[in-house]
Participant: 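A single structure is presented below for examination.
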Amino acid sequence: MRSETSTGSISVDDVTVEREGQPILRDVSIELTTARIAVIGANGSGKSTFARLLNGLVLPDAGRVTVHGLDSRRDVKALRRRVGFVFTDPQAQILMPTPAEDLALSLRGSSRADVDRRVAAALAEHGLTDRADVPASALSGGQKQMLALASVLITEPQLIVADEPTTLLDLRNSRRIADLLLALPAQVVIVTHDLELAARCDHAVLFEAGSIIASGAPPDVVAEYRELAA
């Protein structure tokens, strides 16, 4: 059963992103307000660049990005506190030797008692209590992705952006991560090749060659993608 979810407005206005003079995104405009948003499309279509716009990891060369009222250029520090980003490869996010230390790093600045309490709760919630003090390198692929996600969730962001979070996982762990993302109280944007996961969202966006070519009900957008890929 899905938790009650808070939503906010994600506004991308006439955004272009270039790398070495080549456009990655071209004049992209969209307004998103639903709780669960899937972003789909072929490799190289611009999905991941779009995702990185939402927390200021990528800035537009032209146009404007506003997330929950925060401008990605002007309010980048506040935006990154508001938006949690989950990478495809959890190794990009696991920075400390053990799960407990990695979770505590996300809470730096809090009191020791608060950190200890919240870390213990996060470990228990995500099935990592018995792995709290083992080397993070010894975790399974699913446990590493769960730790990476937990390290984002522990900061209580209002928007989660997950860039292909199930790509490196087996079927069981893919379903576990997908179920967790879809049950979160935060708004969620999921970049994914998993069309079954996309179909479970409230809204889907289809990218092709750096542009949005479809946006709407997931069954319709997934069908258009299948037709495009045929």
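Just so you know, residue 1 is the first one in the sequence shown, and it goes up from there.
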Participant: Is any side-chain heavy atom of K144 closer than 4.5 Å to a side-chain heavy atom of D89?
Facilitator: no
Participant: Quick check for you: to the nearest 0.5 Å, what is the distance between R74 atom CZ and L79 atom CG?
Facilitator: 11.0 Å
Participant: Does L181 belong to the same Ile/Leu/Val/Met/Phe/Trp/Tyr cluster as V205, with side-chain heavy atoms less than 4.5 Å apart forming each link?
Facilitator: no
Participant: Can a donor-acceptor pair be found, under 3.5 Å and without considering hydrogens, that links the side chain of D61 to the backbone of E18?
Facilitator: yes
Participant: Measure across V152 and V86 and return the closest heavy-atom pair with its distance rounded to 0.1 Å.
Facilitator: CG2-CG2, 4.1 Å
Participant: As a quick check of understanding, evaluate side chain to side chain contact (heavy atoms under 4.5 Å, CB included) for I177 and D179, giving each step before the final call.
Facilitator: CA-CA 5 Å; I177 294 293; D179 288 346; over 6 Å; no
Participant: With rounding to the nearest 0.5 angstrom, report the CD1 to CZ distance, I190 to R200.
Facilitator: 8.5 Å
Participant: Main chain of T33, side chain of S9: is a donor-acceptor contact present, judged purely on distance under 3.5 Å?
Facilitator: no
Participant: Can R175 and D170 be said to form a salt bridge (Lys or Arg N to Asp or Glu O under 4.0 Å), step by step?
Facilitator: CA-CA 9 Å; R175 287 177 174 168; D170 60 28; over 6 Å; no
Participant: Could you tell me whether the side chain of F207 reaches within less than 4.5 Å of the side chain of V39, counting heavy atoms only?
Facilitator: yes
Participant: List the atom of T166, the atom of A178, and the distance in Å for their closest heavy-atom pair.
Facilitator: CG2-N, 4.5 Å
Participant: Does a side-chain heavy-atom distance below 4.5 Å link L206 with S215?
Facilitator: no
Participant: Do L195 and R226 have side chains that get closer than 4.5 Å, going by heavy atoms?
Facilitator: yes
Participant: Check whether any side-chain heavy atom of H203 sits under 4.5 Å from a side-chain heavy atom of R36, and report yes or no.
Facilitator: no
Participant: Kindly compute the distance separating CG (D163) from NZ (K47), expressed to the nearest 0.5 Å.
Facilitator: 8.0 Å
Participant: Kindly indicate whether the side chain of R176, heavy atoms from C-beta on, has any atom under 4.5 Å from the side chain of M146.
Facilitator: yes
Participant: Indicate if V65 and V189 have the same hydrophobic cluster label, given that clusters are the connected sets of ILVMFWY residues with side-chain heavy-atom separations under 4.5 angstrom.
Facilitator: yes
Participant: Rounded to the nearest 0.5 Å, what separates atom CD in E208 from atom OG in S45?
Facilitator: 7.0 Å
Participant: V134 and side chain to side chain contact (heavy atoms under 4.5 Å, CB included): which single residue from L139, L128, T98 fits?
Facilitator: L139
Participant: Kindly say whether I154 contributes a backbone atom to a donor-acceptor pair with the side chain of R118 at under 3.5 angstrom?
Facilitator: yes
Participant: With side chain to side chain contact (heavy atoms under 4.5 Å, CB included) as the criterion, how do L103 and L107 come out once you've worked through the C-alpha distance, each side chain's angles and the decisive distance to 0.1 Å?
Facilitator: CA-CA 7 Å; L103 290 169; L107 299 174; over 6 Å; no
Participant: Quick check: closest heavy atoms across P157 and A186, and the distance to 0.1 Å?
Facilitator: O-CB, 3.5 Å
Participant: Donor-acceptor pair, R117 side chain versus D114 backbone, under 3.5 Å?
Facilitator: no
Participant: What's the shortest heavy-atom distance between A100 and D133, and which atoms?
Facilitator: CB-OD1, 4.0 Å
Participant: Quick one: does any side-chain atom of E125 pair with a main-chain N or O of A122 as donor and acceptor, under 3.5 Å?
Facilitator: no
Participant: Which heavy atom in S72 sits nearest to a heavy atom in L59, and how many Å separate them?
Facilitator: O-CD2, 3.4 Å
Participant: Tell me whether Q145 contacts the main-chain N or O of T88 through its side chain, where contact means a donor paired with an acceptor under 3.5 Å.
Facilitator: yes
Participant: Under a 3.5 Å cutoff, is there a donor and acceptor pairing between the side chains of D13 and S29?
Facilitator: no
Participant: For Y225, give me all partners under ring pair (Phe, Tyr, Trp, His ring centres under 6.0 Å), at least two apart in sequence or on another chain.
Facilitator: none
Participant: Donor-acceptor pair, Q187 side chain versus T34 backbone, under 3.5 Å?
Facilitator: yes
Participant: Hey, any chance V191 and V28 share a hydrophobic cluster, counting ILVMFWY side chains that come within less than 4.5 Å of each other, even indirectly?
Facilitator: yes
Participant: With a 4.5 Å cut-off on side-chain heavy atoms, are D27 and V15 touching?
Facilitator: no
Participant: Please report the interatomic distance CD(E101) to OG(S151), rounded to the nearest 0.5 Å.
Facilitator: 13.5 Å
Participant: Tell me if a side-chain donor or acceptor on D194 pairs with a main-chain N or O of L197 at a distance below 3.5 Å.
Facilitator: yes
Participant: Is V67 reachable from I30 through a run of I, L, V, M, F, W or Y residues, each pair having side-chain heavy atoms under 4.5 Å apart?
Facilitator: yes
Participant: May I ask you to decide if F85's main-chain N or O and Q93's side chain share a donor-acceptor pair within less than 3.5 Å?
Facilitator: yes
Participant: Do the side chains of V83 and I160 get nearer than 4.5 Å, heavy atoms only?
Facilitator: no
Participant: So, the side chain of T192 versus the backbone of A198: is there a donor-acceptor pair under 3.5 Å, distance only?
Facilitator: no
Participant: Any idea which heavy atoms bring D71 and R73 closest together, and the distance?
Facilitator: OD1-N, 2.8 Å
Participant: Rounded to the nearest 0.5 Å, what separation is found between the CZ atom of R19 and the CG atom of L25?
Facilitator: 9.0 Å
Participant: In terms of hydrophobic clustering (I, L, V, M, F, W, Y; side-chain heavy atoms under 4.5 Å; direct or indirect links), are L54 and V58 co-clustered?
Facilitator: yes
